[in-house]
Amino acid sequence: MALLFFKTKNFIPDFYYSNFSEIDFKFFLDMGKSIIFLDIDNTIMTYSEKVPIKSILDNINKAIELGFDIILVSNNSKQRVSEFANKMNFKYIARANKPFKKGYKKAIKLINYQSKEKVIFIGDQLITDIFGANKMEITNLLVNPLKTKTEHWYTKINRCLENSVLKSMRKIDESMYKKIKKGRSNEK
Ligand SMILES: [Mg+2]
């Protein structure tokens, strides 16, 4: 499989949370982070939602209160991404083409080329979000996808690839493997 060309460690997230609402942004603030590159679909809302549920929105607002600058970085269309971005007054990159570097670089341009050290990337997919962030050397957080049933066909393919990545991850980082696997088993 093509993915075997890539080192498994590139797909291992730095942090894992079962849900976005559980992320402790104070912890990342204390680490020196102040910017969030944020995926949308299945990270903060399902494909069928236009706004996040309250517990997730509350945590987004907590991050804003702590002073985090949030940039949406999504592979979805401008129409989809701009709707939420405009509501929240966030800058955004739509059709980011994660895991390719270009979208991440555009996001870095949006923060006026501040240091990547200040950034955390949050997403739900190993193959796009985490792989891309690792290639860019951006600290990354994986969350469990909110709802996989409504995913598009190409995301479903990514999920199959994820399973093979997870298998090889087990040999390198068993504790991360177990955490992700446990989260995936609770999927809706
Ligand atoms: Mg996503």
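Numbering of ligands and ligand atoms starts at 1, following listing order.
Residue D41 approaches the Mg ion (ligand 1) most closely through its N/O/S atom O. Residue D124 approaches the Mg ion (ligand 1) most closely through its N/O/S atom OD1. The closest approach of D39 to the Mg ion (ligand 1), by N/O/S atoms, is made by OD2.
With respect to D124 and R159, a salt bridge is recorded, a charged nitrogen being found less than 4.0 Å from a carboxylate O.
Aromatic ring centres of F37 and F68: separated by at least 6.0 Å.
Side-chain contact check for F84 versus M45: some heavy-atom pair is nearer than 4.5 Å.
Side-chain N or O atoms of D14 include one that pairs as donor or acceptor with a backbone N or O of N140 at under 3.5 Å.
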